[in-house]
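Every chain is numbered from 1, with letters handed out A, B, ... down the list of sequences.
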Amino acid sequence: MAIKLYDSLTRELRELHPAQPAGVFTFYNCGPTVYAPAHIGNFRTFVVNDVLRRLLELEFGAANVKHVRNLTDVDDKTIKRARDEGRSLTEVTKRWTDKFHADCAALNCLPPHEEPRAADPKHLREQVNMIECLLDKGNAYRTADGSVYFKVSSFPGYGRLSRVKERELQPGAALKTLAADADEKEDGSDFALWKAWKPDDGPNKWPGPKGAAEGRPGWHIECSAMSKSILGATIDLHSGGVDLLFPHHENEIAQSECCNGTTFARHWYHSEHLLVDGKKMSKSLGNLYTLDDLATKGFSPMAVRYALLSGHPRKQLNFTLDSLHAAESALHTLRAYRATLPDAGVTHDVFAPVLAALQEDLNTPAALGALFTIVNRKDGQADTASFDRILLALGLVLAPNPRRISAPAEIQAIADRRWAAKLAKDFATADALRKELAAGGWSMLDRKDGFSLEPAKK
RNA sequence: GGCGCGGUAGCCAAGUGGUAAGGCCGAGGUCUGCAAAACCUCUAUGCGUCGGUUCAAUUCCGACCCGCGCCUCCA
């Protein structure tokens, strides 16, 4: 069964296939800028793309999917961060790259097959080459300060993805743009391919394209150059968050297609934003969460993953702390269900409807709904092997008991005394000690042969 | 102002031209000395508002109201 996925360019559901029948399916996903910890909105995109990656591997075979996700490690924000902290650019980007990798691992996102960095010397050369290609073909021009801009009017296809020609700039936005760039650009919609060095950039500069000054690449060129280098001039699928649709992806198309003379991406996919308490996350609203923020509140990364999958990827998803509680409970239900399953023996796959929901435009909430429908049926048709297969497709890991932590000695002592009282059938004492434990923030779970302690639920 | 998305039970959230998946929470029950867990049952005559098309609309069309996002370097 084929995967159907919405294509942002044609605005319809289209089946995913590699360009060459039985060839490798090439998948490029725009990655993070590594200057700070990624927030859960960023991770919504990466988790959604991770499910897509897993689905592609099921469809075409793991060996026939090549997944690339870049790291933006040179831009205004990374350079500013390095300057503010008095560190080198690589120190800063290395630190946040490591953090990003740790967070991805916690969320059980598969690492991409390649993860190119914009500031990698090899890739910097490729970016410079592409800029020179665009200069040669007349799609770009140099300015007096040694920067290079893409000439939007030279590419008739510009705006096809975002339909930008139908847009009208808001007066305020237009004025702001003019103030910032009027001195250099020929046209307000032209964008930077190469930015000449400025004192604020500190030591961060590289040899530019011919005829241009030392400096650094513009943001968009990295994806065009690196995807070409690793995946070829035409890629099968390109994805990212909706906010990248314009101008980032529009600009990538312009650069790549003008230089390469061929289709850049055969299929475009954009996941919608995560909202927190009904609003876009922002520092000023105080609703921006990182994985660590949520861990501090006692939520597991797997609950975050589940919550991020609980809404359709192409719809804004309202993320709340309540939705995380719901996710923890849902995962617990799945964990308990798994314990009831036989190890193997079932030949047909009862969980096929879950996969079918994913194949129909990556409908993760419908998939989770289908999963629970089957779980609730308890018809004896499932086994752990089939259940684990579907969990693997969703990337869900049911940790044995993620919340259990060992109790302090004094709590243990009280618990021991209560257990003894219970065995002696001194229930008055036992109940009093249970209250004492509760007052200390712990609850005691009795079993036939002993007990365990858990932090009391809030 | 332009472009786009959405408004479904207390919360989150699928979905369909023929009468509403699922999760969470909540309620009742079984079982446990109690508690927890587990299991069972229940929880929208209704899908923003008003019109229209239709035998039939939450689902199609129109208008309106409300919310959200983007509009040059934010996933």
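When heavy atoms are screened at a 4.0 angstrom cut-off, A:His273 is found touching base atoms of the nucleic acid. Here A:Arg418 lies in heavy-atom contact (under 4.0 Å) with a base. Heavy atoms of A:Asn376 sit under 4.0 angstrom from primed sugar atoms or phosphate atoms, though from no base atom. In this structure, A:Gly241 reaches the sugar-phosphate backbone alone: every heavy-atom distance under 4.0 Å involves primed, P, OP1 or OP2 atoms, never a base.
Listed nucleotides B:G33, B:A75, B:C24 differ in distance to A:Asp243; the shortest reach to its side chain belongs to B:A75. Comparing B:A35, B:A38, B:A21 by their closest approach to the side chain of A:Asp446 singles out B:A35.
No donor-acceptor contact under 3.5 angstrom links the side chains of A:His332 and A:Glu328, judged on distance only.
Contact annotation: side chain of A:Lys378 to base of B:C40, donor-acceptor pair absent below 3.5 Å. You'll find a donor-acceptor pair under 3.5 Å spanning the side chain of A:Arg434 and the base of B:A35, going by distance alone.
Across all strands shown, B:U72 forms no Watson-Crick or G-U wobble pair with both distances under 3.5 Å. In this structure, B:C60 forms a base pair with B:G52, meeting either the Watson-Crick or the G-U wobble geometry with both donor-acceptor distances under 3.5 Å. Remark: B:C39 base-pairs with B:G29; criterion is Watson-Crick or G-U wobble with both hydrogen-bond distances under 3.5 Å.
Taking atom NZ of A:Lys198 as the reference point, atom C1' of B:C73 lies 12 Å away to the nearest angstrom. If you take CZ of A:Phe43 and P of B:C74, they are 17 Å apart, rounded to a whole angstrom.
Across the C1' atoms, B:G2 and B:G23 are found 38 Å apart, a figure rounded to whole Å.
Residue A:Lys280 has a polar side-chain atom (N or O) positioned under 4.0 Å from OP1 or OP2 of B:C70. Contact between the side-chain N/O atoms of A:Lys77 and the OP1/OP2 oxygens of B:C74 is found at a separation under 4.0 Å. In this model, the phosphate group of B:C25 is approached by a side-chain N or O of A:Ser329 to a distance below 4.0 Å at OP1 or OP2.
With ring centers used as reference points, A:Trp96 lies 6.0 Å or more from A:Tyr35.
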Measure all distances between protein nitrogen or oxygen atoms and nitrogen or oxygen atoms of nucleotides 13-17 of chain B, and list the pairs falling under 3.5 Å.
| from | atom 1 | to | atom 2 | distance (Å) |
| --- | --- | --- | --- | --- |
| B:A13 | OP1 | A:Asn318 | N | 3.2 |
| B:A14 | OP1 | A:His312 | N | 2.6 |
| B:A14 | OP2 | A:Lys315 | NZ | 3.0 |
| B:A14 | O3' | A:Asn363 | ND2 | 3.0 |
| B:G15 | OP1 | A:Asn363 | ND2 | 2.8 |

